[in-house]
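Here's the structure, in structure tokens; my notes come after.
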2 protein chains.
Amino acid sequence: MNQQLHNGETSPHPGLAASTARHYPRAWQRPEVDRILHRDEHLFHEGESLTRAYVVVSGILKSYVIDEDGREQIIGFHMAGDTIGFEAVAGCPAASSVQALNTTSVRRISEAGAGNRTESTNQAVLLGMYQEMLRLTRTLQMERRSLEQRLAVFLIDFGERQARAGCSRNEFLLPMGRKDLARHLGLAPETLSRVFSRFRNRGILNVDDNHVTVLDPGALRLVAGHWDSPSARHSGNMSG
Amino acid sequence: MNQQLHNGETSPHPGLAASTARHYPRAWQRPEVDRILHRDEHLFHEGESLTRAYVVVSGILKSYVIDEDGREQIIGFHMAGDTIGFEAVAGCPAASSVQALNTTSVRRISEAGAGNRTESTNQAVLLGMYQEMLRLTRTLQMERRSLEQRLAVFLIDFGERQARAGCSRNEFLLPMGRKDLARHLGLAPETLSRVFSRFRNRGILNVDDNHVTVLDPGALRLVAGHWDSPSARHSGNMSG
DNA sequence: CGAGTGTTTGAACCCTCTCAAAACCTGTGG
DNA sequence: CCACAGGTTTTGAGAGGGTTCAAACACTCG
């Protein structure tokens with residue numbers, strides 16, 4: 001259930017986001033790019049009818065929905081290797097809007113229409129949607145946890161993804177602004193800032209604007225996994 | 001919490017029932033029921049490998065996950081017409097545990113294994129997963145709202161489902177206990193009780209144990225759609 | 001250099017949780 | 001039918017976490 005956290009191993013290259021552009025996953029030698037989006041550009045909007053699904057080649061996007069009072073709810077961030085737009089395969093309208101946070105390249109991976117689908121495509125899509133549902137479920141659980149834990153889990157998870165892309169697990173450039181990150185985590189930007197400061201004061205990490213260095217991964221993991229929140233004190237087995 | 005709330009599209013898609021009907025084997029007992037669960041009985045557990053998906057014929061179930069500190073997180077309630085266990089078709093382990101809250105009957109609708117799948121089954125499953133993702137997204141949004149709005153939205157949605165089942169929209173019996181409902185809405189049982197009392201004192205509804213009567217649907221809708229929660233006061237344009 | 005935006009910090013407020021106890025419902029046995 | 005024990009729901013009081021408001025900084029862009 002929890003994400004694997006391999007520790008100790010420091011990445012050979014202390015590469016930051018700048019190097020992200022060069023480090024494509026090996027699986028696609030010379031990745032074919034079908035579209036390049038610039039900062040703030042949308043890949044598609046919520047409700048739009050989709051014809052293709054996409055895989056992110058480089059860069060980062062956010063997916064979000066706007067609720068009835070105009071507030072933006074960030075569902076998730078999508079980085080190299082992530083697939084978005086499963087709705088296309090199901091023939092359904094886009095469930096969320098997807099917007100690039102930086103210059104981002106994507107590749108189309110699927111055609112709409114039942115006749116076009118192979119069994120393996122179907123399997124891949126089902127698997128992708130399944131994982132998306134797991135991710136949403138995890139996000140949902142995060143909502144009920146303390147700020148500190150939410151941020152810690154996010155940072156660890158982000159580090160994992162960085163590591164998978166060949167970059168450092170413990171030193172990276174957050175590609176999104178504080179406001180986006182705060183909204184994703186479901187808290188006020190001021191509060192996010194405060195938690196960052198708290199972590200810095202405790203020596204857990206160093207943060208200079210978007211440049212984050214995790215100094216004490218163990219402590220961070222401790223915050224992520226166990227917390228002294230009031231709810232933990234009393235709860236035993238409450239299955240009803 | 002079905003396809004009703006978010007985008008008001010009346011589904012142009014056939015839905016699951018059509019593709020399912022032709023598959024269902026004529027069963028030994030009641031034609032349409034393959035399994036009956038009693039109170040607290042599980043349909044399946046998280047992580048279990050599934051072979052079938054199910055549609056709820058009558059009764060109610062909850063799906064939940066247990067997080068690392070042993071607390072139960074209720075993902076959703078499932079009532080007549082809802083489909084659960086899409087994971088089976090994707091060949092993935094169950095993403096959550098599903099347990100009956102009352103006597104509940106379900107029907108199997110799909111066989112596992114790639115060879116067994118027809119195109120229409122695939123389409124139905126994709127659609128179902130898509131709707132499940134929409135539901136999760138909506139649930140996620142609910143988390144960021146005030147207690148009162150959360151409960152109001154839940155009650156309205158529940159009323160809608162009741163109405164669709166031919167019952168009254170404004171008077172119904174909540175099939176789950178306070179604890180389950182509270183956990184689903186992400187709050188303490190005491191707090192839920194308080195919100196119920198507040199609603200009653202304002203004349204919005206009457207609640208006698210599980211018997212809920214909505215006296216002022218307009219007011220309830222007002223609470224659900226617009227709210228005086230702290231977060232709404234200041235937020236204007238926050239895009240980008 | 002000034003305007004505008006984004007980040008940090010500080011102080012006060014309020015919502016929700018926890019803890020504690022009373023009221024209620026339910027089933028059991030006298 | 002009533003008394004009693006168990007769980008569940010309600011109510012009350014206090015504490016804490018997170019938000020809002022407000023202002024100081026930092027950084028980019030014209």
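Keep in mind the model is a prediction, meaning the values are calculated, not measured.
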Rounded to whole angstrom units, what separation is found between the [atom1] atom of [X] and the [atom2] atom of [N]?
X: B/Asp180; N: D/dG7; atom1: CG; atom2: C1'; value: 14 Å
X: A/Arg145; N: D/dG18; atom1: CZ; atom2: P; value: 13 Å
X: A/Leu192; N: C/dT7; atom1: CG; atom2: C1'; value: 10 Å
X: A/Leu174; N: C/dT7; atom1: CG; atom2: C1'; value: 14 Å
X: A/Phe196; N: C/dT8; atom1: CZ; atom2: C1'; value: 12 Å
X: A/Leu151; N: D/dG17; atom1: CG; atom2: P; value: 16 Å
X: B/Met142; N: C/dT16; atom1: CE; atom2: P; value: 14 Å
X: A/Asp40; N: C/dG6; atom1: CG; atom2: P; value: 10 Å

Exercise. Using only heavy-atom distances, decide whether a donor-acceptor pair under 3.5 angstrom links the side-chain of B/Glu190 to the base of C/dC17.
Key: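 Answer is no: no donor-acceptor pair is held.
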[X] and [Y] ion-paired at < 4.0 Å:
X: B/Lys179; Y: B/Glu72; answer: no
X: A/Asp82; Y: A/Arg161; answer: yes
X: B/Arg35; Y: B/Glu41; answer: yes

Which nucleotide, [options], lies nearest any side-chain atom of [X]?
X: A/Asp209; options: C/dT16, D/dT19, C/dT7; result: C/dT7
X: B/Arg194; options: C/dT7, D/dT9, D/dG12; result: D/dG12
X: B/Leu147; options: C/dT8, C/dG10, C/dT16; result: C/dT16
X: A/Arg178; options: C/dT7, D/dT19, D/dT8; result: C/dT7
X: A/Ser146; options: D/dG18, D/dT10, C/dC17; result: D/dG18

Quiz item: Is the phosphate of C/dC17, meaning OP1 or OP2, less than 4.0 Å from a side-chain N or O of B/Thr191?
Solution: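 Indeed, a polar side-chain atom of B/Thr191 lies that close.
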Quiz item: Taking side chain as C-beta onward, heavy atoms only, is A/Asn102 less than 4.5 Å from A/His38?
Solution: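 Of all side-chain heavy-atom pairs linking A/His38 with A/Asn102, none is under 4.5 Å.
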Practice problem: Assign each of A/Ala188 and A/Asp208 to its nearest nucleotide of DNA chain D by heavy atoms, then name whichever residue's nucleotide is nearer the 5' end. | Solution: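 The 5'-side residue here is A/Ala188.
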Exercise. Please confirm whether the backbone N or O of B/Ala100 pairs with a side-chain atom of B/Thr104, one donor and one acceptor, at under 3.5 Å?
Key: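 Pair absent, no side-chain N/O of B/Thr104 close to backbone of B/Ala100.
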